[in-house]
Amino acid sequence: TGTYAATQSVVSGWSDWGFQFGFPDAAGRRMDITLARGSPFVWTTYAGVNPAINIGTTTIYDTNNNAVSLVGTNSFTATAFAFDFQGRSFGVFAPDQTAFTMAGTTITAQLSGTNNYLVYGLLPAHTNLNEFAQYAFAKVTNSRMDWVYDRANGQVDSTWTLTTKPLKNGQTNTLQGWLPHHYRTT
């Protein structure tokens, strides 16, 4: 027990546009993070840590865009929820039927065993939670850009590939955006 306080940041893997790193603490607990450039998702796994999220004083929404009622209780069960914070909308995606507790403005996930992950997503609006939930559980494990130069035609053909691992439900499709220079001149 005690407060989790990471003692270092350790890069554990990388690819063309993604990387993985971890934050271990002195007690053997850790948080591991996977990022992929252009993806609205951040995949996290926890060992010995129940993550706490400060959402401020805002409404929590379920996948049907209904407000989650905390009247008479300080906990709820969900696979995903959304909230708005400082003008932005966020989604939190969890293993099926994850228990969350609320204390003040902080939500804490009760994670255990192989159900030790959360996926955080930046949403266009909290109403997009259900749509993004289809793709949140496909964790990017590799990204690769391959290209072929056709000298005679002065052309470069590029192929972009993402490899994903389903965290649940076998879903391997995810979302990824492109930077303006990728689509303006290609």
Side-chain angles (χ1 to χ4, degrees), residues 1-15 17-37 39-56 58 60-63 68 70 73-86 88-123 126 129-130 132-143 162-172 174-176:
T1 62
T3 302
Y4 165 77
T7 56
Q8 61 182 328
S9 175
V10 180
V11 173
S12 56
W14 58 87
S15 59
W17 276 19
F19 69 102
Q20 303 85 37
F21 58 101
F23 293 110
D25 78 354
R29 298 169 295 202
R30 67 181 297 116
M31 175 174 62
D32 293 304
I33 299 171
T34 299
L35 301 170
R37 186 173 180 135
S39 173
F41 304 114
V42 175
W43 297 270
T44 60
T45 57
Y46 302 89
V49 177
N50 284 323
I53 308 158
N54 186 340
I55 65 166
T58 188
I60 304 166
Y61 298 94
D62 66 16
T63 55
V68 174
L70 294 173
T73 184
N74 67 344
S75 65
F76 64 99
T77 302
T79 300
F81 65 89
F83 62 94
D84 298 317
F85 185 76
Q86 296 183 347
R88 293 185 174 97
S89 297
F90 298 92
V92 177
F93 307 91
D96 290 337
Q97 301 304 306
T98 296
F100 294 91
T101 58
M102 186 85 179
T105 60
T106 302
I107 296 175
T108 302
Q110 306 304 309
L111 303 176
S112 64
T114 58
N115 292 324
N116 63 342
Y117 64 88
L118 290 179
V119 180
Y120 303 95
L122 182 60
L123 308 175
H126 65 259
L129 179 67
N130 197 38
F132 275 56
Q134 301 173 66
Y135 305 103
F137 298 102
K139 178 180 176 180
V140 174
T141 57
N142 193 20
S143 59
L162 289 179
T163 305
T164 60
K165 172 187 170 186
L167 296 176
K168 68 176 192 175
N169 300 337
Q171 174 61 275
T172 57
T174 193
L175 297 175
Q176 184 172 40

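This one's a predicted model, so the numbers in the text were calculated from it and none came from an experiment.
Leu122 approaches Ser89 most closely through the heavy-atom pair CD1-O, 3.5 Å. Nearest approach of Leu129 to Ala82, heavy atoms of both residues: CD2-N, 3.6 Å. Between Tyr117 and Thr114, the closest heavy-atom pair is CD2-O, 4.0 Å. Residues Gln134 and Gln171 come closest through the heavy atom pair O-CG, 3.0 Å.
Annotation: side chain of Leu35 is not in contact with side chain of Phe41 (no heavy-atom distance under 4.5 Å). Two residues are said to be in side-chain contact when any heavy atoms from C-beta on lie closer than 4.5 Å; Arg88 and Leu123 fail this criterion. At least one side-chain heavy atom of Tyr46 sits less than 4.5 Å from a side-chain heavy atom of Leu118. Looking at Ile53 and Phe90, their side chains never come closer than 4.5 Å, going by heavy atoms from C-beta outward. Inter-residue side-chain proximity for Thr98 and Thr79 is flagged as unmet; no heavy-atom pair is nearer than 4.5 Å. Side-chain contact between Pro24 and Tyr4: absent, with no pair of heavy atoms (C-beta onward) separated by less than 4.5 Å.
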ask   = Step by step, would you call Ile55 with Met102 a side chain to side chain contact (heavy atoms under 4.5 Å, CB included)?
value = CA-CA 10 Å; Ile55 65 166; Met102 186 85 179; 3.9 Å; yes

task = Dump the intermediate steps for side chain to side chain contact (heavy atoms under 4.5 Å, CB included) on Thr163 and Thr172, then the final yes or no.
result = CA-CA 8 Å; Thr163 305; Thr172 57; over 6 Å; no

request  = List the steps and the verdict of side chain to side chain contact (heavy atoms under 4.5 Å, CB included) for Asp96 and Lys168.
outcome  = CA-CA 9 Å; Asp96 290 337; Lys168 68 176 192 175; 2.5 Å; yes

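No hydrogens or angles considered: nothing links the side chains of Thr7 and Asp25 as a donor-acceptor pair under 3.5 Å.
Interatomic distance, Phe100 CZ to Asn74 CG, rounded to the nearest 0.5 Å: 14.0 Å. Atom OG1 of residue Thr105 and atom CZ of residue Phe85 lie 8.0 Å apart, to the nearest 0.5 angstrom. Distance check: Ser143 OG to Leu162 CG gives 6.5 Å after rounding to the nearest 0.5 Å. Rounded to the nearest 0.5 Å, atoms NZ (Lys139) and OG1 (Thr45) are 5.5 Å apart. Interatomic distance, Phe81 CZ to Thr63 OG1, rounded to the nearest 0.5 Å: 12.5 Å. Distance check, rounded to the nearest 0.5 Å: CE of Met31 to CG of Asn116 gives 13.0 Å.
For Thr44 (side chain) and Ile33 (main-chain N/O), no donor-acceptor pair under 3.5 Å exists by modelled atom type. For the pair Thr106 (side chain) and Ala52 (backbone), a donor-acceptor distance under 3.5 Å is absent. A donor-acceptor pair under 3.5 Å is formed between the side chain of Trp43 and the backbone N or O of Ala136. The backbone N or O of Asn50 lies less than 3.5 Å from no partner atom in the side chain of Gln110, so there is not a single donor-acceptor pair. Within the 3.5 Å criterion, the main-chain N or O of Thr101 finds no donor-acceptor partner in the side chain of Ser75. A donor-acceptor pair under 3.5 Å is absent between the side-chain atoms of Gln8 and the main chain of Phe23, judged by distance alone. In this structure a side-chain-to-backbone donor-acceptor pair under 3.5 Å is present from Asn54 to Gly56. A donor-acceptor contact shorter than 3.5 Å is absent between the side chain of Thr164 and the backbone of Val140.
Under the 30°/60° scheme for interplanar angles, the aromatic rings of Tyr61 and His126 are found to lie parallel. Ring pair Phe137/Phe93 is perpendicular by interplanar angle, where above 60° counts as perpendicular and below 30° as parallel. A parallel orientation is assigned to the rings of Phe21 and Phe19, their planes being inclined by less than 30° (bins at 30° and 60°).
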